[in-house]
Amino acid sequence: MNDDAEDDESRAHYAKGLPGYHDYLARVTGAPSGLSALTLRLWLAGFGMLFCLVAGALLIGYLPPLAWFGWLLIALGVIAVIDFAWVAHRKRRGEPG
């Protein structure tokens with residue numbers, strides 16, 4: 001029973017938003033901390049994922065001398081897939097943004 005109460009508290013905590021811990025000037029000036037822009041980050045990760053994977057596959061297929069660059073783009077695309085999944089997890093958890 002205690003686990004359900006803790007889960008409700010954590011969801012309420014995430015629904016209020018998490019303060020930006022990278023905003024060092026907020027501590028000095030007294031300004032409120034910024035909140036994460038998760039929707040923008042989700043769109044950017046999705047665009048990066050699609051662009052890198054498609055461009056990498058096209059480079060490998062149509063320009064063999066630039067295959068090394070295609071593999072680099074595919075590696076960046078895989079990183080974007082991981083970032084996309086993590087941001088989607090955070091949004092599903094209930095964080096605003």
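All of these numbers come straight from a predicted model, not from anything done at the bench.
A continuous path of ILVMFWY side-chain contacts below 4.5 Å connects L63 to F69, so both sit in one hydrophobic cluster.
Closest of all the heavy-atom pairs between L53 and V81 is CD1-CG2, 4.2 Å. Here the closest non-hydrogen pair linking L76 and C52 is CB-SG, 4.0 Å. Summarising the geometry of A80 relative to G48, their closest heavy-atom pair is CB-C, 4.1 Å, with the distance given to 0.1 Å. Annotation for D83 and A45: closest pair OD2-CB, 3.6 Å, computed over non-hydrogen atoms. Shortest non-hydrogen contact noted between A55 and L73 is CB-CD1, 3.9 Å.
In this structure, the side chains of I82 and W86 stay at 4.5 Å or more apart for every pair of heavy atoms.
Atoms CG and NE2, from L38 and H89 in turn, are 11.0 Å apart once rounded to the nearest 0.5 Å. Atom CG of residue L72 and atom CH2 of residue W68 lie 7.0 Å apart, to the nearest 0.5 angstrom. Taken to the nearest 0.5 Å, the CG atom of L44 stands 11.0 Å off from the OG1 atom of T39.
Pairs engaging residues 44-64 under the side chain to side chain donor-acceptor pair (under 3.5 Å) rule: none recorded [sequence neighbours left out].
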